[in-house]
2 protein chains.
Amino acid sequence: MKNKIKKAHCAVDYAFQRIGGKYKGRILWVLRDGFLRYGELKRAVVGITPKMLTQTLKELEADELIVRKVYLEVPPKVEYSLTDTGKELIPFIGQMRSWGEKQMLTN
Amino acid sequence: MKNKIKKAHCAVDYAFQRIGGKYKGRILWVLRDGFLRYGELKRAVVGITPKMLTQTLKELEADELIVRKVYLEVPPKVEYSLTDTGKELIPFIGQMRSWGEKQMLTN
DNA sequence: CAGCATCCTCAACGATACTG
DNA sequence: CAGTATCGTTGAGGATGCTG
């Protein structure tokens, strides 16, 4: 993990820096049950631009939360999946999701 | 709750918008077991400026995650605490914290 | 298909000083 | 004590077009 954590004042700060940002939570979440290709991710994470998708995937990879697997084929094929560390995050992203769902209804 | 959620593509997105930002997680966390005054929060959330503290507290209050209680005394006294909705978030902020702690050690 | 390269905007965050 | 008020910065994110 070579990603620049600017300076975490505590573990909460640190964790939020690693899965904060506009798309990281969503990307980890859609990867929860398997492998997805770049284009599939692009469709799954509605509204993301190629630039942000690539950039976010790189950060997640540098943070060792996901793995990038390249198949040497034509046309190109790249699959992304969670690492064990990334999988550990799924339960509470799920909790957050439930919480968010409930909130969206009651507001 | 009148806070502007720009446009949530999904519940994960929505949840991250409400507790994202640089200090929200930390503030909710330090409020987990009771009431804290403005000055106590300022000391607990190391590195935060008065401006950011005030601003973040206002957002959390507008989001109905915390409650602001003013005592009409001299000198002034204001206490902040979690709402029930805010308390629901504590368990998984705790999980994130544990995860973050473990990560900080192994890196 | 899976990206990269540029340019640009804006709002989150910061520093500092002041106040009821 | 518990905030406001200004001003300044910067980098995350967006738009668009191009490529191996």
Side-chain angles (χ1 to χ4, degrees), chain A residues 3-10 12-14 16-27 30-31 35-63 66-81, chain B residues 3-10 12-14 16-27 30-31 35-63 66-81:
Chain A
N3 238 13
K4 33 41 194 160
I5 298 295
K6 315 203 173 190
K7 178 193 172 161
H9 284 94
C10 64
V12 175
D13 194 2
Y14 177 90
F16 270 87
Q17 283 190 46
R18 285 187 68 181
I19 68 157
K22 198 166 180 181
Y23 301 106
K24 288 188 179 175
R26 290 169 70 191
I27 290 178
V30 298
L31 282 174
F35 296 78
L36 285 181
R37 301 178 59 169
Y38 184 90
E40 294 173 322
L41 277 168
K42 181 131 181 38
R43 262 166 273 128
V45 182
V46 177
I48 198 169
T49 60
K51 180 202 160 189
M52 285 312 296
L53 180 54
T54 303
Q55 181 180 312
T56 308
L57 288 171
K58 275 187 179 158
E59 290 176 17
L60 290 172
E61 195 195 0
D63 265 351
I66 65 172
V67 170
R68 180 174 186 268
K69 182 168 185 184
V70 183
Y71 295 83
L72 293 179
E73 304 175 355
V74 179
K77 175 177 173 182
V78 181
E79 277 185 345
Y80 295 88
S81 59
Chain B
N3 239 12
K4 34 36 190 173
I5 298 295
K6 318 207 170 184
K7 178 192 172 163
H9 285 93
C10 63
V12 175
D13 196 1
Y14 177 89
F16 270 86
Q17 283 190 47
R18 284 187 69 183
I19 67 157
K22 195 165 180 181
Y23 301 106
K24 287 188 180 173
R26 289 169 71 190
I27 290 179
V30 298
L31 283 174
F35 296 77
L36 285 182
R37 302 177 59 167
Y38 183 89
E40 294 173 323
L41 278 167
K42 179 129 181 36
R43 261 167 273 128
V45 183
V46 177
I48 198 169
T49 61
K51 181 200 160 190
M52 284 314 294
L53 179 55
T54 303
Q55 181 180 311
T56 309
L57 288 171
K58 276 185 180 160
E59 290 177 17
L60 290 171
E61 195 194 0
D63 264 353
I66 66 172
V67 171
R68 180 173 185 269
K69 182 169 185 186
V70 182
Y71 295 84
L72 293 178
E73 306 175 354
V74 178
K77 175 176 173 182
V78 181
E79 279 185 344
Y80 294 89
S81 59

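Order of the sequence lines sets the chain letters (A, B, ...), proteins ahead of strands, with each chain counted from 1. Just so it is clear, the values below take in all heavy atoms, side chains as well, and ignore hydrogens, waters and symmetry mates.
Over its length, the helix from C:dC1-D:dG20 to C:dG20-D:dC1 turns its helix axis by 70°, as judged from the five terminal pairs at each end, rounded to 10°.
Heavy atoms of A:Thr54 sit under 4.0 angstrom from primed sugar atoms or phosphate atoms, though from no base atom.
An OP1 or OP2 oxygen of D:dT4 is reached within less than 4.0 angstrom by a side-chain nitrogen or oxygen of B:Lys58.
Put simply, CG on A:Leu36 is 14 Å from C1' on C:dA2, counting in whole angstrom units. Atom CD of B:Gln55 and atom P of C:dA15 are 14 Å apart (whole Å). With rounding to whole Å, A:Leu57 atom CG is found 17 Å from C:dC1 atom P. Whole-Å rounding puts the B:Phe16 CZ to D:dA12 P distance at 17 Å. One can place CG of B:Leu53 at 10 Å from P of D:dT4, the figure rounded to the nearest angstrom. A:Lys69 has its NZ atom 15 Å from the P atom of C:dG3, to the nearest Å. Rounding to whole angstrom units, CE of residue B:Met52 and C1' of D:dT10 are separated by 14 Å. Nucleotide C:dG14 holds its P atom 12 Å from the NZ atom of A:Lys7, rounded to whole Å.
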Quiz item: Going through the distances and angles, do B:Cys10 and A:Arg26 end up as a side-chain contact (heavy atoms from CB on, under 4.5 Å)?
Solution: CA-CA 8 Å; B:Cys10 63; A:Arg26 290 169 70 191; 3.8 Å; yes

Quiz prompt | Worked check of side-chain contact (heavy atoms from CB on, under 4.5 Å) between B:Tyr23 and B:Leu53 | solution = CA-CA 8 Å; B:Tyr23 301 106; B:Leu53 179 55; over 6 Å; no

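Formation of a donor-acceptor pair under 3.5 Å by the B:Lys42 side chain with backbone atoms of B:Ile48 is found in this model. In this structure, the side chain of B:Glu40 engages the main chain of B:Arg37 through a donor-acceptor pair within 3.5 Å. Between the side chain of A:Gln55 and the main chain of A:Met52, no donor-acceptor pair closer than 3.5 Å is present. In this structure a side-chain-to-backbone donor-acceptor pair under 3.5 Å is missing from A:Arg43 to A:Tyr38.
Looking at the side chain of B:Tyr23, the nearest of the listed nucleotides D:dA2, D:dA15, C:dG14 is C:dG14.
Looking at A:Leu41 and A:Leu57, their side chains come closer than 4.5 Å, going by heavy atoms from C-beta outward. Contact check for A:Ile19 versus A:Asp63: no side-chain heavy atoms found under the 4.5 Å cut-off.
Remark: B:Arg37, B:Tyr38, B:Gly39 in residues 37-46 of chain B come within less than 4.0 Å of DNA chain D through at least one heavy atom.
For a distance-only test at 3.5 Å, the side chain of A:Lys51 fails to qualify as a donor-acceptor partner of the base of C:dG3.
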Could you go through residues 72-80 of chain B and list every donor-acceptor pair under 3.5 Å that involves a side-chain atom there, pairing it with any protein atom two or more places apart or in another chain?
unit_1	atom_1	unit_2	atom_2	d
B:Glu79	OE1	B:Tyr71	OH	2.9
B:Tyr80	OH	B:Arg68	NE	3.2

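Heavy-atom nearest nucleotides on DNA chain C were determined for B:Thr56 and for B:Pro50, and the one closer to the 5' end corresponds to B:Thr56.
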